[in-house]
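Beneath this line is the structure, given in structure tokens, with notes to follow.
Quantities reported herein were computed from a predicted structural model and do not represent experimental measurements. Reckoned from all heavy atoms, side chains included, excluding hydrogens, waters and symmetry mates. Letters A, B, ... mirror the listed sequences (proteins, then strands); counts begin at 1.
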There are 2 protein chains.
Amino acid sequence: MPHSRDGSGRSASVKDVAQLAGVSLGTVSNVLNRPERVSADTRTRVEKAMADLGFVRNESARQLRAGRSRTIGYVMLDATNPFFTDVAQGMEHVAEDRDLSLFLCNSDNRATREAAHLAHLQEQRVQGILVTPVDPDSPALADLASRGTPLVIVDRTRPGAAFCTVSVDDVLGGRLAVEHLVDRGHRRVAFVGGPDSLGQVRERLEGARQAWREAGLPDADLVVVPTVALSVAEGRAAGERLAGLPARRRPTAVFCANDLVALGLLQQATSAGVRVPDELAIVGFDDIDFAAAAAVPLTSVRQPRAELGRTAARLLLAEADDPLHAHEQVVFEPELVARRSTLG
Amino acid sequence: MPHSRDGSGRSASVKDVAQLAGVSLGTVSNVLNRPERVSADTRTRVEKAMADLGFVRNESARQLRAGRSRTIGYVMLDATNPFFTDVAQGMEHVAEDRDLSLFLCNSDNRATREAAHLAHLQEQRVQGILVTPVDPDSPALADLASRGTPLVIVDRTRPGAAFCTVSVDDVLGGRLAVEHLVDRGHRRVAFVGGPDSLGQVRERLEGARQAWREAGLPDADLVVVPTVALSVAEGRAAGERLAGLPARRRPTAVFCANDLVALGLLQQATSAGVRVPDELAIVGFDDIDFAAAAAVPLTSVRQPRAELGRTAARLLLAEADDPLHAHEQVVFEPELVARRSTLG
DNA sequence: GTCATCGATTGAAAGGTTTCAATGCGATGG
DNA sequence: CCATCGCATTGAAACCTTTCAATCGATGAC
């Protein structure tokens with residue numbers, strides 16, 4: 001029924017404000033952008049007119065004129081994984097300090113969705129784009145960067161690329177996890193994670209293998225249990241598969257590619273009556289808040305989540321401010337946080 | 001400093017494309033927007049020119065002309081709470097179907113941050129704004145709606161307001177939780193949650209009280225344990241406070257205002273040697289994925305998270321398409337999902 | 001009394017896209 | 001051969017803001 005966007009049709013523009021205040025366009029703009037240049041009297045008159053009309057700056061027009069926007073975007077791999085929301089939180093703080101908005105998009109692990117978001121951000125002429133890509137080697141990313149849009153890859157690395165990357169040493173993380181398990185006396189261990197297309201998964205497994213070999217243990221005793229995704233549900237399913245193994249071949253410990261998988265596995269194990277860690281030790285990866293909060297607190301490989309986000313955002317803005325800026329490949333070191341799920 | 005991003009100065013515009021392809025501006029625009037009106041020959045020529053120049057549409061200019069954008073925004077209360085990311089996921093699907101982008105912002109429970117995000121979205125002339133507000137009665141929201149920006153409140157209701165709201169009956173949710181506990185024989189129960197400024201907390205408590213009274217139980221046996229936030233850490237702290245109570249006054253069951261609090265409490269209880277549910281039953285609220293995945297799977301009041309998001313987004317777009325649209329107040333019914341944390 | 005100066009204000013141009021009425025042209029029908 | 005029609009293309013206007021050189025009026029110096 002009555003919808004009345006207030007009687008007036010369109011929303012008020014600087015022109016309307018100028019007219020009502022009896023000044024020129026330029027003056028209104030000055031009130032907005034260089035208030036010190038305007039006499040106190042005119043300024044209050046203009047401000048009153050703005051308030052009366054409910055004037056809201058049109059950011060599109062502003063951007064068009066300025067050529068750049070007040071926004072940066074982050075395309076995340078999985079918005080429902082707390083790891084990524086924590087990373088985003090770190091970025092948000094940097095953006096807030098610089099008075100920019102952070103536009104969050106979720107690719108949900110799909111390359112097509114990722115591409116759509118990247119295109120849209122580019123069309124918006126954002127100051128720069130942060131992305132945790134489905135595939136860091138995709139030529140689409142290189143194209144993007146070569147077109148001049150500042151770009152930072154988060155949680156992946158790509159040596160020699162034409163953009164900055166901020167990541168965590170996943171190979172080292174994998175080593176830490178398995179070294180810990182070996183130290184605790186485990187001699188039959190499973191790695192649970194997938195899909196293989198995720199670099200994070202490949203490298204964590206690689207690290208696990210290195211540590212395993214260096215401990216002089218036979219390759220066959222490091223079992224790989226692949227999953228189709230890094231989710232709680234997949235962790236639960238993997239738990240059931242493990243439970244199905246003959247006792248001789250069943251591992252005494254599991255290293256999961258991330259905490260979601262570990263939590264699912266933990267739940268399945270406990271509900272199947274397997275005692276953690278006595279009968280089965282579990283190590284996760286990421287150290288999300290839910291890891292410590294699990295009923296059997298989870299040993300996990302901690303990544304500096306917020307720091308990752310902050311650093312990525314800072315590098316992005318550095319590049320946006322200075323296009324001659326040299327690209328950096330920052331790599332953080334992960335750290336093992338031992339808790340009850342491996343400590344008995 | 002010369003700041004040549006690439007040799008070419010600015011990025012290519014329709015004008016450049018037109019020139020290279022030897023056609024007029026209008027034709028390029030037609031290729032972009034009404035390709036069927038352009039002869040096959042010219043079309044391919046124009047498309048080649050675009051590819052050669054790496055042409056990217058300037059969304060600001062487009063928006064400026066069109067008066068509206070291809071974007072909707074969601075200002076969420078707490079991006080690190082999986083409940084809200086699941087709601088956002090539901091919205092994302094609707095947006096994707098309509099070929100819109102969803103701009104996610106996090107107010108992080110702060111009114112100032114919320115205001116900043118709302119202002120920025122308004123300046124961007126988004127098609128509409130979804131928001132789970134810090135305070136649904138804030139006049140700022142009413143102002144926003146009266147200026148003509150389509151607005152939908154998510155997870156809160158506000159009867160008689162000049163905008164749509166989509167919520168879940170929190171009072172009913174509270175009743176379900178407590179009725180369940182009373183059915184299971186509990187006669188001393190605690191409610192854990194806060195701050196009181198959150199309507200969700202107030203109403204869930206209200207429902208709990210109603211159910212308690214209707215069961216004919218004395219008010220004093222429903223203990224309220226306030227928290228300063230709905231987080232895992234606060235749940236853990238509350239657990240410690242409960243553990244400190246003299247045995248006679250200690251509740252046999254706890255109803256937590258959301259699952260994060262419940263998970264924290266569960267962890268504290270288990271690590272303190274309190275057996276769940278035998279010595280302490282726990283009910284959460286939201287039924288996030290981590291609830292079922294907890295090592296003692298959590299009984300929780302399920303909200304239709306994705307459905308909430310989808311409905312909100314649909315209402316928003318309905319209003320954006322038809323400003324005469326009548327505002328609706330949709331209320332979903334929650335549902336109790338009983339799991340081991342109360343079932344022994 | 002004139003001129004330079006200074007601060008406040010103005011007006012016009014620019015930025016990239018879309019839209020729409022107008023144009024041009026070849027073909028069709030009379 | 002003329003009128004008409006349809007189709008592909010064109011050109012100019014509009015969207016709203018910002019910027020910058022130009023203008024105006026007044027003040028102070030000489």
- Message: side-chain contact (heavy atoms from CB on, under 4.5 Å), that's the test. Do B:L151 and B:E319 meet it? Break it down for me.
- Response: CA-CA 8 Å; B:L151 179 73; B:E319 178 167 351; 6.0 Å; no
Hey, does [X] reach any base, or is it just sugar-phosphate, or nothing, if we go heavy atoms under 4.0 Å?
X	answer
A:T42	sugar-phosphate
A:V23	sugar-phosphate
A:S13	sugar-phosphate
A:T27	base
A:S39	sugar-phosphate

Check this one for me: any side-chain N or O of [X] less than 4.0 Å away from OP1 or OP2 of [N]?
X	N	answer
A:R62	D:dT18	yes
B:R68	D:dC15	no
B:N33	C:dT18	yes

How long is the line joining [atom1] of [X] and [atom2] of [N], in whole Å?
X	N	atom1	atom2	answer
B:E123	D:dC16	CD	P	15 Å
B:L25	C:dA22	CG	P	19 Å
A:M50	D:dC16	CE	P	16 Å
B:K15	C:dT17	NZ	P	10 Å
B:Q63	D:dC15	CD	P	16 Å
A:N30	C:dA12	CG	C1'	15 Å
B:L64	C:dG15	CG	C1'	9 Å
A:Q124	C:dG16	CD	C1'	15 Å

- Are A:Q89 and A:T85 close enough that a side-chain donor and a side-chain acceptor fall under 3.5 Å? no
Treating [X] as the side-chain partner and [Y] as the backbone partner, does any N or O pair qualify as donor plus acceptor under 3.5 Å?
X	Y	result
B:D16	B:S13	yes
A:S107	A:M76	yes
A:T165	A:I153	no

- Earlier contact from the 5' end, DNA chain C, for A:R45 and A:R65: A:R45
- Query: Between C:dT19, D:dT17, C:dG16, which nucleotide has the shortest distance from any of its atoms to the side chain of A:F55?
  - Reply: D:dT17
